[in-house]
Amino acid sequence: MSSVEQNLVEGNKAYAEKFTQGNLALPPSQKYVVVTCMDARIDPAAAFNIPLGAAHIIRNAGGSAREAFRSLVISQQLLGTTDVLIIKHTGCGMLTFDNATARGVVAKNKGDAVAEEVKDLDFLTFPELEQAVKDDVQFLKSKKVEEGVQVSGWVYEVETGKVRKVE
Ligand SMILES: [Zn+2]
């Protein structure tokens, strides 16, 4: 077993021994969704005050609403959520490269033939943080399926642990 697997097994054993919340409902009790980045420095449940069972948390590189759209529609239409918080963050890796760079890295690491697999992939990077939050809010507001859903945009500061509203 790898050390990563071992960590899972051991940590989960301790967690399960104390686990008491096995009767939660499937739909999120507070009817909202957080879209945030996969960045390892963000602890959404703690930083954003989300009790177990209260909200959906959708994570991807950059906290992209575009990438999260499939899950958002499921969350809203099948599981009754009515609010979306888009929370991007300072120091995001997505501020540091673009599509051409990412494709170049793949080609360098894996060769040109393999890089073909990602030649049309949009990595959804962004050059400016606040603007990217606003763009994602507008992206959702432009979708008819999102009508009646409350959407707001936020920045989480990895340096301070604080959130601030952008839109
Ligand atoms: Zn990030």
Side-chain angles (χ1 to χ4, degrees), residues 2-5 7-8 11-12 15 28 30-77 79 81-110 114-143 145-146 149-167:
S2 71
S3 62
V4 172
E5 290 175 322
N7 178 64
L8 168 64
N12 176 256
Y15 179 78
Q30 292 181 25
K31 300 186 188 308
Y32 72 102
V33 189
V34 172
V35 178
T36 196
C37 188
M38 67 186 189
D39 193 293
R41 297 167 292 181
I42 304 172
D43 180 351
F48 310 147
N49 193 27
I50 307 170
L52 196 65
H56 284 143
I57 302 171
I58 304 169
R59 302 189 72 164
N60 58 44
S64 166
R66 283 175 173 78
E67 183 170 322
F69 187 57
R70 178 187 66 90
S71 298
L72 284 169
V73 172
I74 292 169
S75 176
Q76 293 155 355
Q77 299 301 312
L79 292 163
T81 58
T82 57
D83 283 69
V84 180
L85 307 176
I86 297 167
I87 310 178
K88 297 184 190 288
H89 68 98
T90 56
C92 188
M94 303 302 276
L95 291 157
T96 65
F97 66 97
D98 59 16
N99 279 334
T101 307
R103 289 168 191 150
V105 170
V106 174
K108 183 166 174 281
N109 291 341
K110 308 293 285 187
V114 173
E116 278 294 298
E117 282 182 346
V118 301
K119 77 174 177 5
D120 296 322
L121 187 62
D122 188 346
F123 288 88
L124 299 170
T125 62
F126 43 83
E128 208 278 312
L129 182 58
E130 271 81 3
Q131 190 58 48
V133 173
K134 290 176 187 174
D135 288 348
D136 268 13
V137 170
Q138 287 314 310
F139 169 79
L140 289 184
K141 286 184 173 175
S142 74
K143 297 287 185 190
V145 72
E146 297 292 322
V149 173
Q150 284 289 119
V151 183
S152 59
W154 302 75
V155 164
Y156 171 74
E157 298 176 351
V158 294
E159 301 84 1
T160 65
K162 292 178 181 172
V163 287
R164 55 184 157 83
K165 193 169 186 180
V166 172
E167 182 154 316

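Numbers here are sequence positions counted from 1. Each ligand, and each atom within it, is numbered from 1 in the order the structure gives.
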*Any pair with a residue in residues 123-142 that passes ring-ring contact (aromatic ring centres under 6.0 Å, His included), sequence neighbours left out, goes on the list, sorted by first then second residue, please.*
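Listed once each, the pairs are F69-F139.
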
_Sphere of radius 2.8 Å around the Zn ion (ligand 1) - protein N, O or S atoms inside_ =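 Near the Zn ion (ligand 1), the protein supplies C37 SG, H89 NE2, C92 SG.
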
*Between the side chain of T160 and the main-chain N/O of K162, is any donor-acceptor distance below 3.5 Å?*
yes

_Quick one: does any side-chain atom of T90 pair with a main-chain N or O of V158 as donor and acceptor, under 3.5 Å?_
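Yes, T90 side chain to V158 backbone: donor-acceptor pair under 3.5 Å.
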
_side-chain hydrogen bond (donor to acceptor under 3.5 Å, both in side chains) pairs, two or more places apart, involving residues 47-64_ =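 Every side-chain hydrogen bond (donor to acceptor under 3.5 Å, both in side chains) pair that includes a residue of residues 47-64, provided the two are not neighbours, is H56-S75.
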
*Residue pair I58 / A68: nearest heavy atoms and the distance that separates them*: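 Here I58 and A68 meet closest at CG2-CB, 3.7 Å.
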
*Under the salt bridge (Lys or Arg N to Asp or Glu O under 4.0 Å) rule, what pairs show up with a residue in residues 120-133, not counting sequence neighbours?*
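For residues 120-133, and leaving out neighbouring residues, the salt bridge (Lys or Arg N to Asp or Glu O under 4.0 Å) pairs sorted by first residue read E130-R164.
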
